[in-house]
Amino acid sequence: MPPDPNRIVELPTRLIHAPIITVEQHLLREQRRFAGVSGEFSWLVSGITLATKLIQAKVRRAGLSDILGAAGIINVQGEVQQKLDIYANEMMVHSLSARDSVAMLASEENEHPLLAHGGSPNAKYIVVFDPLDGSSNIDVCGSVGTTFSILRRASERLDSAVMADEVLQRGCKQVAAGYVVYGPSTMLVYSAGNGVHGFTLDPAVGAYVLSHPDIRMPEHGKYYSMNEAYLERSPGAYRRYVARLHRGELGRRYASRYIGSMIADFHRTLLIGGVFLYPPNDQHPQGKLRLLYEANPIAFIAEHAGGSASDGHRRILDIQPESIHQRTPLVVGGREEMKAFEAEMAADSAT
Ligand code: AHM
Ligand code: MG
């Protein structure tokens, strides 16, 4: 019998068992399942994915082009800005300001928040970010990253009188947050409060593909991560805590891992467990890391993955920011490491 040209056949199962899910598909799915995740929100996130694809392309060529090295410009933190920092900032500002839902942008590289779309009432979101964290690693081919935090705007009118207050929201108010790590591969780790999901960039097709669904931070790990050179100059509770990790008092002897790039150091901590610390010290009494665009997104991701984050006294996400570039000590890790850290801090405040 000749084959029936109108016959319908089943899809091959190998094509439907493990579908490839891009970040855009993931957001569409979330949009259907959760109130508050809208089309315009997905469009906003696509501004971040576009910018970070552009940044990663430049980072990958850093050793080849004359962009490598310091531009000789000092940023608002008094540190030498590198050309890639400037480029990364411009890409974030450019991509996000093209999204109608963005009312304001605040960046590590800009002293003041930037108003977008004239503060139009239709622009509901504020995005706060560090466009290129750990940039001193670029010269040595180390991992760097971008952190971001998305906030909802509260005021109807946005003018210079209310702009700073709008940005100064506690971390628990974040609508979504995450980071991109530019390492051996480029990975986006994101949460809108419905689990933490990791998307690896497929450079051949330029798509972030879901590679790490529903990331959970192990309750304990085997590494601690901090710049130990400052430990002697940090409060006693931090020194006692690290000594306990060395002695194996938490049930295992911890080894240390630190590359001085918060996103890369945290990313390892998130995936395989442990604790990351940037304590206060005599040189940096408030620590070094910035609350709004470094500690808050990291704390948001850690909590939604089952870990926690503290400044030594409070939950990071409860801190009311007082200024845009405010610094904070940061300790973030798995449940067991954080319980032991908090016990050590409590012992100090009891005396
Ligand atoms: P940056 O925003 O200027 O790059 O500084 C932040 C970086 C973090 O990525 C990292 O955790 C820390 O600085 C390292 O600081 P230190 O060299 O004091 O250990
Ligand atoms: Mg930074």
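In each ligand, atom 1 is the first atom listed, and ligand 1 is the first ligand listed.
- Between Y179 and H267, a ring centre-to-centre spacing shorter than 6.0 Å is recorded.
- Considering M226, K288, E108, M262 only, the shortest heavy-atom separation from atom 12 (C) of ligand 1 involves K288.
- Near D130, the atoms of ligand 1 lying under 4.0 angstrom from a non-hydrogen atom of the residue are 2 (O).
- At distances below 3.5 Å, not a single donor-acceptor pair connects side-chain atoms of Y238 with backbone N or O atoms of N281.
- Residue contacts with ligand 1 include E294, since one of its heavy atoms falls under 4.0 Å from the ligand.
- The atoms of ligand 1 that sit less than 4.0 Å from any heavy atom of S135 are 4 (O).
- Scanning D133, D265, L330 for the heavy atom closest to atom 2 (O) of ligand 1 points to D133.
- F341 and Y241 have their aromatic ring centers within a separation under 6.0 angstrom.
- The Mg ion (ligand 2) lies at the vertex of an angle of 100° between the OE2 atom of E294 and the OE1 atom of E108 (rounded to 10°).
- Under a hydrophobic-cluster definition in which Ile, Leu, Val, Met, Phe, Trp and Tyr are linked whenever side-chain heavy atoms come within less than 4.5 Å, directly or via other members, V331 and L245 are assigned to the same cluster.
- Between the H325 side chain and the E111 main chain, a donor and an acceptor come within less than 3.5 Å of each other.
- Ring centroid separation for the pair F41 and Y125 comes in under the 6.0 Å cut-off.
- One finds an angle of 100° at the Mg ion (ligand 2) between OD2 on D130 and OD1 on D133, to the nearest 10 degrees.
- In summary, the atoms of ligand 1 found under 4.0 Å from a heavy atom of G260, numbered by their order in the structure, are 9 (O), 10 (C), 14 (C).
- Checked against a 3.5 angstrom limit, the closest N/O atoms of L289 and ligand 1 fall outside it.
- Heavy atoms of R290 come nearer than 4.0 angstrom to ligand 1 in at least one pair.
- Which parts of ligand 1 touch Y230 is read off a 4.0 Å heavy-atom cut-off, strictly below it: atoms 16 (P), 18 (O).
- Judged by distance alone, the side chain of Q25 and the main-chain N or O of T22 form a donor-acceptor pair under 3.5 Å.
- Scanning F276, Y258, Y293 for the heavy atom closest to atom 14 (C) of ligand 1 points to Y258.
- Classification of D318 and R315 as a salt-bridged pair holds, one side-chain N sitting under 4.0 Å from a carboxylate O.
- Atoms of ligand 1 found under 4.0 Å from any heavy atom of S261 (numbered from 1 in listed order, with element): 9 (O).
- Neither the backbone nor the side chain of I263 comes within contact range of ligand 1; no heavy atom lies under 4.0 Å.
- Side-chain N or O atoms of T269 include none that pairs as donor or acceptor with a backbone N or O of G273 at under 3.5 Å.
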